[in-house]
Each structure stands twice: as structure tokens, then as C-alpha cells.
Amino acid sequence: QVQLVESGGGLVQAGGSLRLSCTVSGRSSSSYAMAWFRQTPGKERQWVAVISWRSGTTYYPDSVKGRFTISRDNAKNSVYLQMNSLKPEDTAVYYCAAGVSWVAVRTTPDYWGQGTQVTVSS
């Protein structure tokens, strides 16, 4: 069984930065494409960053492109999300997810973390 545990959320002022971490246990993170999602009350969970397991290619939606960076350290079984120039609309619960491919992880991840709250004050 694969377990994902996020950390690093918190309260930050607009324009600030946060770095989220996701630690994978139970199986090597290098076997999976990894993604970060976020969700606000009443809305669907949306992906904000994906990294493929084979080439390390990254993908972002336009809403965060240029501000968020996903990275992975397979030796540490960890994935990170560096968030810069944060905006109040980035406030959400952020989830780490793992899937068999960079395509599948965006729509049907196999595993989810428990989430970490990010709040950006104006």
C-alpha cells in the first residue's frame, strides 16, 4: 500500500512563497507520475502541477504557470511544490497524488495524500 503525506502548508501573505513536500512510502516514488491538486469548498479538485516518472517532464495549467514549480527527489521518495508570487485565489487545500502516468495522474490518480491547507492573505 502506497501512502502519501503532505507537509509545508500554512498562512502566507500575498506575494509570498511556500514549499510543500510530499513523502511517499510503501513503494518507490520513482515508479509513479506525481501531481499536486488543490481544492476549495464547493469546487472540484483541480491539478496544479504534474511531473512524469520517466523523464521528469513537468506540466502546469495556465493559472499557476511561471509561479509554481514541481520537483522530485527519488532518492528521498519525495515530491515538492514550490509556490511563488502567491495570490489570495491560491488559497485551498493542496493534495499530493500518484498515478501510473502523467496523463492518468491528472484524471484518475491511484493514491492521494490527506491534504495540507494553504491560506494566502491579501
Taking only residues two or more places apart in sequence or in another chain, which ones pass side-chain contact (heavy atoms from CB on, under 4.5 Å) with [X]?
X    : answer
T108 : A104
Q46  : none
S7   : S21
D110 : V100

Got a sec, which residues hit salt bridge (charged side-chain N to carboxylate O under 4.0 Å, His left out) with K65, two or more places apart in sequence or on another chain?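 Partners of K65 by the salt bridge (charged side-chain N to carboxylate O under 4.0 Å, His left out) criterion, ordered by chain and then number, come out as D62.
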Identify, with sequence neighbours excluded, every residue that meets ring pair (Phe, Tyr, Trp, His ring centres under 6.0 Å) alongside Y111.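 Here the qualifying residues are Y32.
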Measure the SG-CG distance between C96 and L81 for me, rounded to the nearest 0.5 Å. 9.5 Å
Drop me the distance from I70's CD1 to L20's CG, to the nearest 0.5 angstrom. 10.5 Å
Taking transitive links into account, so neighbours of neighbours count too, which hydrophobic residues share a cluster with L11 at under 4.5 Å side-chain distance? none
If hydrophobic residues (ILVMFWY) are linked whenever their side-chain heavy atoms come closer than 4.5 Å, directly or via other members, who joins V93 in its cluster?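 Result for V93 is F37, W47, V50, Y59, Y95, W102, V103, V105, W112.
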Set of side-chain hydrogen bond (donor to acceptor under 3.5 Å, both in side chains) partners for Q3, sequence neighbours left out: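 With sequence neighbours excluded, Q3 shows a side-chain hydrogen bond (donor to acceptor under 3.5 Å, both in side chains) to no residue whatsoever.
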For T23, which residues count as a side-chain hydrogen bond (donor to acceptor under 3.5 Å, both in side chains) partner, sequence neighbours excluded? none
Scan for side-chain hydrogen bond (donor to acceptor under 3.5 Å, both in side chains) pairs involving residues 113-122, sequence neighbours excluded, and state none if there are none.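 Applying side-chain hydrogen bond (donor to acceptor under 3.5 Å, both in side chains) to every pair that reaches into residues 113-122, excluding sequence neighbours, yields E6-Q114, Q117-T119.
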Quick one: which residue pairs count as a salt bridge (charged side-chain N to carboxylate O under 4.0 Å, His left out) with a foot in residues 36-53, not counting sequence neighbours? R38-D90
